Amino acid sequence: MKKAALHIDKYMPIGTVDPRIYGSFIEHLGRAVYEGIYQPGQATADEQGLRRDVIDLVKELNVPVVRYPGGNFVSGYNWEDGVGPKEKRPERLELAWQVVESNQFGLNEFMDWCHKAQTEPMMAVNLGTRGVDAARNLVEYCNVRDGGYYSSLRKSHGYADPHNIRLWCLGNEMDGPWQMGHKTAQEYGRIASEAGRVMKMVDPNIELVACGSSSLTIPTFGTWEDTVLSECYEEADYLSLHQYYGNPDNRTADFLASTVAMDQFISSVISICDAVKAKKRSKKSIHLSFDEWNVWYHSNEQDKKLERWCRAPHQLEDVYNFEDALLVAGMMITMLRHADRVKVACLAQLVNVIAPIMTSDTGAWRQTIFYPFALISKYGRGTALRTAVESPVYESVHGDAAYLESVCVHNEEDDTLTVFAVNRDLEDSMELTLDLRQFAGYRVKEHIYMTHKDVKAVNTEQDPMQVVPVSGGNSRVEDGILHAVLQDKSFHVIHLGR
Ligand code: AHR
């Protein structure tokens, strides 16, 4: 058995955990909207066609913010197509995903869904095929109570009160050559600055996310962030990061070490933000919005076979296995370890499309990745503590990876401490210790864990309970020291309190 130790000091915080790091994402893509959150006539659908079974699972995930409506989709979207009487809404060829968009679901339906799912919107504007004008009109439609054509239009659509959307994305992945209206960093920085300025003229209380790189590996990474921020530092509040990982060559140890690369990605973006801050002699810091992250690769081959111009196809429907759940836990731990700068994050996506929740016409079920997300979202609120990890390491393609990946979160309000830990060792269990003498009287209130002998095990509609967390892990506090045994390939939530 390997040995590892954690060291924390309750007076050494990383930062307050912003609950918005437990956000997610709904794009008009595949069956995320149609047959996902919206399916009129489905047995659980309400009078608006919103599926109650999905809403219940979203509430269980505890998602404080949901990004909408894209993604690549937003770069060709006319938001006006999705508001007003449904019979008058146009059908469009949707170029990003090569499907037909009916526009039967749009902005106001999404806002109603947010209220029912107890979440807040994070709205993206189209800076691909459109620009400053459409963006400012959308802010007026959403956030202005009276006066002006677009706020009156909203009222005429039955929404007397403004939606008051606080968080806005200035486009999506504008660095990507696949993006409609793809731009150079200079071009994007300028339009982000101009759109952002005008949007804040309409509503000064909004917060803006500028597009960073669509992955660490895109060749423009680094210069993109530097140039974009140099142009729109005044208007932007956050810079985005996007990253997906996969295991197509079945190298699980390397796959689980992907968080080493993710950690470097976050640190590098922070450095660039702070370098631009220094160059500008600014007092303001730009925070990070990791607004697309997940595992994505299982569905790639299948998606190549899709016919163009169909509606709500099974697209990006990754079936997640146990090792994916371990990586999702590791990615969330990595973000918590940067809680001082990562203030928003969105698991991409929420329903059916690379998602923790899947639906059929008759039911909804939880994929393996649902569980680490739900557990960390529930217990990871409070202050993330600097967590020194003493652990044996292994070599991976991403660099040396500690077998133990961990972070501790102290919740002063309810006087609890939660240890999140992944044992990435595929063969060996691990004996973990943590000195708790600063937390006098704390005992293990709950030890929930996930493990499975088969890293490829999945949950399906027919067999949805293959990979689930269980309570009753092997841990105890003795003389102020926490002792826990972490099985090979396992994820743990050790919740301590008086
Ligand atoms: O989440 C799926 C897609 O991944 C999004 O539309 C895009 O932003 C990213 O490339």
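All values reported here derive from a predicted model rather than from experimental measurement. All ligand and atom numbering here is 1-based and tracks the order in the structure.
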Do Val493 and Tyr449 pass the side-chain contact (heavy atoms from CB on, under 4.5 Å) test, and can you show the C-alpha distance, the side-chain angles, and the key distance before you say yes or no?
CA-CA 6 Å; Val493 179; Tyr449 67 101; over 6 Å; no

Looking only at distance, does His242 have an N or O less than 3.5 Å from an N or O of ligand 1?
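N/O-N/O distance under 3.5 Å: no.
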
For atom 1 (O) of ligand 1, what is the nearest protein heavy atom, given as residue, atom name and distance?
Tyr244 OH, 2.8 Å

Does the side chain of Glu234 pick up a donor-acceptor pair with the side chain of Ser193 at under 3.5 Å?
no

Under 3.5 Å, is there a donor on one side chain and an acceptor on the other for Asn172 and Ser75?
no

So, for [X] and [Y], is the gap between ring centers shorter than 6.0 Å?
X: Tyr188; Y: Trp224; value: yes
X: His338; Y: Phe290; value: no
X: Trp79; Y: Tyr150; value: yes

Looking only at heavy atoms, is any part of [X] under 4.0 Å from ligand 1, and if so is it the side chain, the backbone, or both, or is it neither?
X: Asn172; answer: side chain
X: Trp293; answer: neither
X: Phe73; answer: neither

Enumerate the atoms of ligand 1 whose separation from the nearest heavy atom of Glu173 is less than 4.0 angstrom.
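Close to Glu173: 7 (C), 8 (O), 9 (C), 10 (O).
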
Residue Gly71 vicinity, atoms of ligand 1 by number, heavy atom under 4.0 Å:
5 (C), 6 (O), 8 (O)

Counting heavy atoms only, which of Glu27, Gln315, Glu292, Gln349 comes nearest to atom 8 (O) of ligand 1?
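Nearest heavy atom to atom 8 (O) of ligand 1 lies in Glu292.
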
